[in-house]
Structures are given as structure tokens and as C-alpha cells.
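The block underneath contains the structure these notes are about, expressed in C-alpha cells.
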Amino acid sequence: MEFFLFSLILVVFFFTLAGNLMIITLVCMDQRLQTPMYFFLCNLSFLEIFFVLTITPKMMIDLVSQNKSISFLGCISQCYSYFFLGTCEIILIAIMAFDRYIAICHPLRYTIIMNGRVCVNWILVCWIGAFMNNFGPIVLLSQLSFCSSNVIDHFFCDYAPLIKLSCNDVDTLLTLESTLSPLVLLSSLCVTVVSYLYIIVTVFNMHISGSRGKTFSTCASHLTVASIFYGSAIFMYSLPSKGRSLDVQKAVAVLTAVVTPLLNPFIYTLRNEKVKDAFRDCLQRLFEFCEKKPVITLSQPWMISNKST
């Protein structure tokens, strides 16, 4: 089964990178997509690329290699990167929900509120908040002693199986995890839910039915991604590591580390009219460029005469 799984994950890995790179390219090249909404979407694609690069390459190597080991520093780095990027995504999804709230409920002030400086500051808050949230627990985790076994019952260095291998007192780590993880997750979830409640009230107060459908369509992609991510993150972050089933955790980890990064670009591409239009225009320009045959004109070669001047 290892070669089959390697082939399957390789295909998923390729399409994940291609899909997210396509979103980034479209946002950078098409002026219609250079708005705060697509700026945040571009950052989400960056996070998804780093997310799969953190887990998937090592997982594929382990599937085709007899040596399935990882250094302690590499293990701690992988664990921190996974939860750091995951926390970034949680915060970013809440920011994207707030952006949709401003765009729909306060459209006349949207460009003033969500200007370029504000958008960059929100991204900085996302990265700095994720760094601070995960730095303390990972420092404590790196100082634990692992004296019983060095075999991790997982396909990457996750937080819970590492704690189970330690022979130290891990009550402080478990308390810290059970406090910080639900706090970030529930805060992001509250912002998203409240934003969409205001959006729903605003949409139903619209007098034109066509405007309702158009407004809902702009939120459908983000709402779909948010539902998938929050559903999996609740199992991953909110349940305590000590009592969490490793089988359930591994299944959820596959969803968050492999499946969700693949779905995001396709959800935004298939459900967003602006992205689809930009993609079609990009393909059209590419075909037109390929169809153009360059005309090469050879100049008259120099005639070299043997006669002396």
C-alpha cells in the first residue's frame, strides 16, 4: 500500500501547489482581483503552500524509504510549523469574514476602512499572533525528556504523540494547550459567526432579490472553506491531547494537512465568478501568445572577398 499511497499523495501534492500558485498568480496579474478580499485570499494560498511543504514531502519520503526517522530538531521544527501555520489560517479566516462584513454592511466606507495599510496590518497581526500563541508551548515541549521510546504513532511530529512519549510531568503543557488552543479557535469562530449573522440580516433587508443572490455568492466560497476548516480544527485544537484518540487525530490531520489545502483553490475557482473570469482571460492570453508565430528575418550575410583593396 505504501507505493499506492505515495502516488496518491504525490498527485494531491502537485494539484495543491498548482492550484494555490494559480490563485496567487491570478491575484498578482489581474487588476480586477487586486482588492482586499483577494489580497487575503492570496495570503491564504501562501499559507496553504507552506502548510503542505511542512508535512507532505517528509511523509512521501517515509512512504518509499526504509529509514523513517527524523532528527529531534527537525521534529520540533515540523511540529511548530504545523501549528503556527494552522493558527495563522484560523486568524486569517476570521479576518476574511470581517472583510466581507465591511464590504456588505458598510459598502460606502469599505475602501476607507479596508485600505492597503489596514490590510497589511491585519496580516501582520495574523503572523505575529500565531507566533506568540505557539512559541511558549513549543519551547516547553523542546525541553522535555524522552526516555522511554522514540517511535511516534503518527505520520508527522504532532503535539499529542510527542507528549505521550515524554517521561516528564506534562500537566503544565496540557493546561497551556487546553487554554490557548480553544481561546484562539473560539475567538476566530465568534468573529466569523457574528460577521455572517450581520451579513445575513443585511442581505434579507435588501429589497431586490437579485442583489441577495449576488451578495450570497460572494460569501459562499469563504463560508465553505471556513466550515471545513473550523469543523476539522475543533477536533484538532480544542480536545485535550491526553484524552484524544490518536486514530481520530490522524484522520483529522490528513484532512487538514492534505485534503483542505487541495480544496481551497478549487472552491474559490469554481464558486467565484471574478476568479473564473480572470482564469479564462489568463488562458486566452496564453493561447494567443502560443499561436503567434515569430517572424525571423535573416539579414544579408557579409561577403568576404579575396581581392586586395
Side-chain angles (χ1 to χ4, degrees), residues 15-51 88-89 91-127 192 195-196 198-200 202-203 206 208-229 260-292:
F15 278 106
T16 301
L17 292 182
N20 285 286
L21 285 173
M22 179 193 69
I23 294 291
I24 295 171
T25 304
L26 291 177
V27 172
C28 293
M29 293 181 59
D30 199 300
Q31 292 184 351
R32 293 171 295 182
L33 302 183
Q34 293 176 3
T35 62
M37 173 183 174
Y38 297 103
F39 171 74
F40 294 133
L41 175 59
C42 185
N43 281 273
L44 180 63
S45 294
F46 270 116
L47 287 175
E48 297 290 16
I49 290 174
F50 290 135
F51 205 76
C88 275
E89 288 197 26
I91 301 174
L92 183 57
I93 286 177
I95 293 172
M96 294 174 72
F98 179 75
D99 171 73
R100 290 297 84 206
Y101 158 73
I102 298 296
I104 294 172
C105 300
H106 304 281
L108 298 180
R109 292 188 293 168
Y110 178 69
T111 55
I112 299 175
I113 297 175
M114 301 299 293
N115 56 60
R117 183 175 58 85
V118 171
C119 292
V120 172
N121 288 338
W122 276 120
I123 294 300
L124 291 177
V125 168
C126 175
W127 287 81
T192 304
S195 297
Y196 274 102
Y198 276 104
I199 289 172
I200 291 172
T202 303
V203 169
M206 292 180 177
I208 304 175
S209 58
S211 299
R212 296 178 183 176
K214 186 177 180 180
T215 304
F216 271 126
S217 66
T218 61
C219 302
S221 301
H222 176 260
L223 195 57
T224 304
V225 171
S227 300
I228 296 173
F229 196 85
T260 305
L262 172 67
L263 293 178
N264 286 353
F266 291 100
I267 289 173
Y268 278 103
T269 303
L270 296 176
R271 299 187 64 89
N272 193 295
E273 292 298 330
K274 281 189 177 181
V275 177
K276 287 193 288 186
D277 292 340
F279 182 65
R280 282 193 292 263
D281 292 343
C282 184
L283 287 180
Q284 185 177 359
R285 288 196 297 266
L286 181 62
F287 290 149
E288 289 176 356
F289 176 79
C290 294
E291 289 176 355
K292 289 181 179 179

Checklist outcome for this item: Scanning both residues in full, the closest heavy-atom pair of Asn20 with Pro261 reads ND2-O, 3.3 Å

Checklist outcome for this item: Quick note, salt bridge (Lys or Arg N to Asp or Glu O under 4.0 Å) partners involving residues 21-38, not counting sequence neighbours, are Asp30-Arg32, Arg32-Asp281

Checklist entry - Tell me the salt bridge (Lys or Arg N to Asp or Glu O under 4.0 Å) pairs involving residues 102-112, sequence neighbours left out? => result none

Just verifying a value: how many Å separate [X] [atom1] and [Y] [atom2], rounded to the nearest 0.5 Å?
X	Y	atom1	atom2	result
Ile123	Phe46	CD1	CZ	11.0 Å
Ile91	Glu89	CD1	CD	11.0 Å
Cys88	Ile95	SG	CD1	9.0 Å
Cys126	Leu92	SG	CG	5.0 Å
Ile93	Ser195	CD1	OG	12.5 Å
Trp122	Met96	CH2	CE	14.0 Å

Donor-acceptor pairs under 3.5 angstrom involving side-chain atoms of residues 34-42: please list them, not counting sequence neighbours.
unit_1	atom_1	unit_2	atom_2	d
Gln34	NE2	Cys28	O	3.1
Tyr38	OH	Asn272	OD1	3.0
Tyr38	OH	Asn272	ND2	3.2

Considering residues at least two apart in sequence or located in another chain, which fulfil the side chain to side chain donor-acceptor pair (under 3.5 Å) criterion with [X]?
X	result
Arg117	none
Thr192	Tyr230
Glu48	Asn264
Asn43	none

Checklist entry - Do any N or O atoms from the side chain of Asp99 and from the backbone of Met114 form a donor-acceptor pair under 3.5 angstrom? => result no

Checklist entry - By side-chain contact (heavy atoms from CB on, under 4.5 Å), which residues pair with Thr202, not counting sequence neighbours? => result Ile104, Cys105

Item to check | Qualifying residues under side-chain contact (heavy atoms from CB on, under 4.5 Å), relative to Leu21, sequence neighbours excluded | outcome: Ile49

Item to check | Counterpart residues, ring-ring contact (aromatic ring centres under 6.0 Å, His included), relative to Tyr198 (two or more places apart) | outcome: Tyr101

Next on the checklist: Using the ring-ring contact (aromatic ring centres under 6.0 Å, His included) criterion, which residues pair with Tyr110? Sequence neighbours excluded.
Outcome noted: none

Checklist entry - Going by the angle between their ring planes, with limits at 30° and 60°, are Phe50 and Trp127 parallel, tilted or perpendicular? => result perpendicular

